[in-house]
Amino acid sequence: MFSMELNPVQKEAVEKTDGPIMILAGAGSGKTRTLVSRISYLLKEKDVPPYRLLALTFSNKAAREMRERVASLVNLDINSLAITTFHSFCVRVLRSEITYLGLSKNFTIYDEAESRAVIKSVLTRRGINLKEISPYEVLYFIENLKNLGHYVDRSPPYNYEVEEDHEFYSFYLEYEAELFKANALDFGGLICGVIQLFEKFPEVKKHFQERYHYVLVDEYQDTNRAQFELIKILAEKRKNICVVGDEDQSIYSWRGADIHNILDFEKVFPEVQILKLEQNYRSSKNIIEAATHVISQNTLRKGKKMWTDNPQGDSILMVDCLDDKKEASFVASELLDLYKKGTLLSDMAVFYRTNSQSRIIEDHLRANKIPYKIIGGTKFYDRKEVKDMLAYMRLVVNDKDSLALSRIINVPARGIGATSLRKLEEEAVKGSVSLWEIICAIVENSEKYSFLKISAKIKSSLREMATIISEIKVLDQEKESPVTLYEKLLHDTGYFDFLKAQKDYESLARIENLEELSSAIKQYEQSNPNPSLLGFLETITLDNSKEEEKTQGEVSLMTVHGAKGLEFPFVFLVGAEENLFPSYKSMEGGSKALEEERRLFYVAMTRAMKKLYITFARGRMLFGQIKFNGPSRFVDEIPSNFFLLHKVGHEESAFQMEEDDYFSQESPYETDKVFQLGKRSLCKFESGSKVRHSLYGEGKVLESSGTGDEEKVLIMFSGGVRKKFMASMAPIVRI
DNA sequence: CACCGTTAAGTTTTT
DNA sequence: CTTAACGGTG
């Protein structure tokens, strides 16, 4: 029954169950179907008990989808199946075993913002100005270590270099000590923690190695070194490891994903069988062939040759727009047109490189009354008021979490300002106890701490707060429902009244958000057999995706990153311009970064099933000024026989258009800026154009902004020298 | 200690 | 154009 819907290679991928196997699955090649079939094959045909299987994915979305599809194929309780994300798997391991590492089972998980806050406090404590050393850089350094699988005192040999004499390494050590004291782990620490557990305690390792007979990894191209180490250990004994990935879709290297995990898989598992799924079932020939041309410019590849039996299909429509507004209005009117011809709105999607591009598109969709939804970009749990309440909850669950406590110690205002907090923190450090413990000590025995010179008013504030938290801690231990605990916290701490007292519009919105948080907790309670505050907090840190509303009939808007794994009959890829896509940052990063941008472009193209639109704007409002970047280089990499060029907002080609003609047309815009623009001449040095400077010699324009006398250009000269000039003043000429 | 004005900088973001 | 973060003032 499995072979019926599978092609020969897919069938092989399903039935070669034993020994290491790497499946290189191109976009739209039926990857998920193959994986799901493989799992049900193992369960049904090979009689593998469900608990012997471990399938690891990256996103909760992918895990959910796979679980549902397996469940529909196999008549089994899916809860006994470990189809889960790397991080959730590690949390599960650690919740039962972490005492080996000296933490307790109620450990907190810090997200990136919290990690950054810890780093800031480490730096500040050392008297380092945050301008001298950016916390972001330190965070990046630490994350990198963790992406490699490093942990403090890991004993060699490990296959990476650690600069222990690096200035930042001492920050890392201190950061780790802080987290340890707070009984907390960050995202990377979850993975590294399990590696550490396995390496230091062979009996634990043995237990898990014997538990899982078959290990599967989805989206393998996005694994980092640490995750690879982890699966290597898990599969060491039986070597029944199956990884599925596509090196051409590796788009998270900036986050530690290591393409060498794919390129070097055979070195670690020499007996590996490599299968390539090259037939695409998703897109038209035109789209596949055009995308193939683009991706073939990359050098870091295993090399797959995608092909399809699908019809040739429509040409790609390349849309050359005068500016970003024209681009947005084109997209809106085309969507409307397609809709009128009977296309479902849910079959259409708009992709952009950066989130900031969504706004102008949204404006035009709203103006045309086109329903849309934005995928990703969830910032709900980033809101101040939500984070405050979460901090209260974290404190209840884990009172060692001094970061959470210091966040809310004066919210709402209790008269405990920075000075008092610093005193408390210093005292906590001195006695090497947590902030919470020192506060409890002061409340219980204030005479002993009279030398701290804490006013009676502050002491009574502390007492009041400590009492409330303690009460709720007891209720939590008595397994009171999370939503009850939340409501009690919200009101007893005075947070609700504090917001209520402010009558401004913003506070009203905040109260609404807190109500939404309450319903999120209720939702969690309903979908969990044993709900707890700890469980809720874990769920939202590891899975911040909002509940998918099942509303049909909306156009989807998302970043290209967000589009991975999805497909749509009609796709609009907007903003295909130099400096935007590829992003200006990637152009500094050399060919590696550029190749990743190309993969990203490739991912975007291969989402489209029937028709792909690629649009670019000649002028675009960026950072408050109009920039003129040329079309993306990736556009040039698509051979012209695959697309039709369509121009919007300017009748003739802007490439050769006379400057006067350019603005003599009836301008549909009312804004002053464009009017002013029209009075001056167009920029003379588009990005990409070659110039000669009387001093520096030949160079290439990287960036051009402003027009006429205001035109500024950034030029890269040979030898990598970059200079910025006023175009009208600098001795430069076009060549 | 809270508020306001100035300044600087500005990707992508599965967990 | 935005937003976040800092420094100064009341």
Side-chain angles (χ1 to χ4, degrees), chain A residues 56-65 84-91 109-113 115-116 120 129-131 134-136 140 143 146-147 185-191 218-224 226-227 249-257 324 351-360 375-379 381-382 384 410-411 413-422 458 538-545 558-566 575 579-589 593 596-597 599-601 603-604 620-627 671 673:
Chain A
L56 295 170
T57 65
F58 269 83
S59 63
N60 293 287
K61 196 171 76 183
R64 266 193 295 270
E65 189 191 342
T84 181
T85 65
F86 271 97
H87 291 84
S88 301
F89 170 72
C90 289
V91 171
I109 303 164
Y110 278 1
D111 67 15
E112 238 168 61
S115 298
R116 205 166 55 235
K120 271 189 190 172
N129 188 316
L130 298 182
K131 273 182 186 158
S134 147
Y136 286 92
Y140 181 73
E143 278 182 349
K146 300 198 173 195
N147 287 337
L185 288 170
D186 57 16
F187 287 136
L190 295 173
I191 313 282
D218 190 17
E219 303 285 9
Y220 180 65
Q221 76 278 0
D222 291 330
T223 47
N224 60 33
Q227 287 156 335
Q249 292 188 64
S250 166
I251 54 175
Y252 283 100
S253 74
W254 48 275
R255 201 134 195 187
D324 46 355
F351 302 159
Y352 33 80
R353 178 67 237 274
T354 66
N355 278 314
S356 60
Q357 288 167 258
S358 78
R359 226 177 65 178
I360 189 163
I375 311 269
T378 321
K379 284 192 194 134
Y381 293 109
D382 281 346
K384 187 187 175 300
N410 202 32
V411 188
R414 298 185 173 93
I416 309 166
T419 319
S420 314
L421 179 59
R422 207 180 50 238
I458 290 179
E538 182 179 306
T539 309
I540 58 162
T541 5
L542 292 183
D543 181 5
N544 61 6
S545 68
M558 66 195 86
T559 64
V560 182
H561 282 90
K564 201 184 74 171
L566 304 176
N579 291 322
L580 188 61
F581 200 174
S583 78
Y584 72 98
K585 266 274 168 51
S586 71
M587 326 249 285
E588 300 167 0
E596 176 142 326
E597 293 284 314
R599 289 193 292 271
L600 199 53
F601 201 88
V603 167
R620 175 180 299 274
M621 196 62 147
L622 271 175
F623 304 144
Q625 46 185 340
I626 298 173
K627 301 234 173 179
T671 62
K673 277 196 183 93

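Across all strands shown, A:D111 has no heavy atoms under 4.0 Å from either base or sugar-phosphate atoms. Residue A:T419 is classed as a sugar-phosphate contact, given heavy-atom separations below 4.0 Å to backbone atoms only. No contact: A:L421 has no heavy atom under 4.0 Å from any strand. As judged by a 4.0 angstrom heavy-atom cut-off over every strand, A:R599 is placed among residues making no nucleic acid contact. No contact: A:G565 has no heavy atom under 4.0 Å from any strand.
With respect to A:Y252, the side-chain contact (heavy atoms from CB on, under 4.5 Å) criterion is satisfied by exactly one of A:H561, A:Q221, A:E219: A:H561.
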Shorter than 3.5 Å, N or O on both sides, protein versus nucleotides 6-11 of chain B: list them out with atom names.
none

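With sequence neighbours excluded, the residues satisfying side chain to side chain contact (heavy atoms under 4.5 Å, CB included) with A:E65 are A:T32, A:R69. With sequence neighbours excluded, the residues forming a side chain to side chain contact (heavy atoms under 4.5 Å, CB included) with A:T57 are A:A62, A:A63, A:M66, A:T85, A:D218, listed by chain and number.
In this structure a side-chain-to-backbone donor-acceptor pair under 3.5 Å is present from A:E596 to A:S253. Using modelled atom types, no side-chain atom of A:D222 and backbone atom of A:A257 make a donor-acceptor pair closer than 3.5 Å.
To the nearest angstrom, C1' of B:dT14 lies 14 Å from CD1 of A:I375. As rounded to whole Å, 12 Å separates atom P of B:dA2 from atom CZ of A:R414. Atom C1' of nucleotide B:dT14 and atom CD of A:E596 are separated by 13 Å, given to the nearest angstrom. Atom P of nucleotide B:dT13 and atom CZ of A:R116 are separated by 15 Å, given to the nearest angstrom. Rounded to an integer number of Å, the gap from A:L600 CG to B:dT14 C1' is 14 Å. B:dT14 atom P lies 15 Å from atom CD of A:Q221, rounded to whole Å. Residue A:Q625 contributes atom CD, which lies 14 Å from atom P of C:dT2 at whole-angstrom precision. Distance CD1 (A:I458) to P (B:dC1): 7 Å, rounded to an integer number of Å.
The aromatic rings of A:F86 and A:F58 lie tilted to each other, with the angle between the two planes from 30° to 60°.
Nucleotides B:dT12 and C:dA5 are separated by 16 Å at their P atoms, to the nearest Å.
With the nearest nucleotide of DNA chain B identified for both A:G417 and A:V560, A:G417 has the one nearer the 5' end.
Considering all non-hydrogen atoms of both residues, A:R599 and A:S250 come closest at NE-O, 2.6 Å.
A close approach under 4.0 Å does not occur between any side-chain nitrogen or oxygen of A:R359 and OP1 or OP2 of C:dC1.
For A:T559, taking side-chain heavy atoms from C-beta onward, the closest of the listed nucleotides B:dT12, B:dA2, B:dC1 is B:dT12.
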